[in-house]
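Before any comments, here is the structure.
Counting from 1, the numbers follow the sequence of the chain as shown.
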Amino acid sequence: MYSLRVPAGGLVAAAFRRYVSRTGTPLMHVYLLVSVKCRRPDGAWRASHASVFFENTDAWLAL
């Protein structure tokens, strides 16, 4: 198995705003669903290595 890092773009994410907790009490929070697929320079969609997401935890929290 090998690892190759290439520039990628086209990250896809969706945010869902919620206003109550599971127990029904008021609690505003946001779910962020992020696809691990990225578009490579050749236009193909491929899975991104998960370590890239964990290396940038602070950036994700800023969203």
Side-chain angles (χ1 to χ4, degrees):
M1 188 163 144
Y2 64 92
S3 177
L4 176 65
R5 289 194 181 217
V6 296
L11 186 67
V12 178
F16 301 93
R17 187 173 291 150
R18 304 291 296 175
Y19 296 97
V20 294
S21 69
R22 291 181 188 164
T23 61
T25 58
L27 176 65
M28 204 282 281
H29 57 284
V30 176
Y31 291 103
L32 182 63
L33 179 65
V34 180
S35 173
V36 295
K37 300 264 184 187
C38 293
R39 184 176 289 166
R40 295 186 339 189
D42 64 1
W45 286 89
R46 296 288 184 256
S48 174
H49 198 283
S51 66
V52 174
F53 293 97
F54 292 115
E55 290 170 2
N56 297 292
T57 304
D58 291 335
W60 291 108
L61 293 174
L63 295 175

Using a 4.5 Å side-chain heavy-atom cut-off and chaining through intermediate ILVMFWY residues, the residues clustered with Y31 come out as F16, L33
Can you name the side-chain contact (heavy atoms from CB on, under 4.5 Å) partners of A47, sequence neighbours left out? none
Which atom names give the shortest non-hydrogen contact between [X] and [Y], and what distance separates them?
X   : Y   : result
A44 : D42 : N-OD1, 3.0 Å
V20 : H29 : O-CE1, 3.3 Å
K37 : W45 : O-CZ3, 3.9 Å

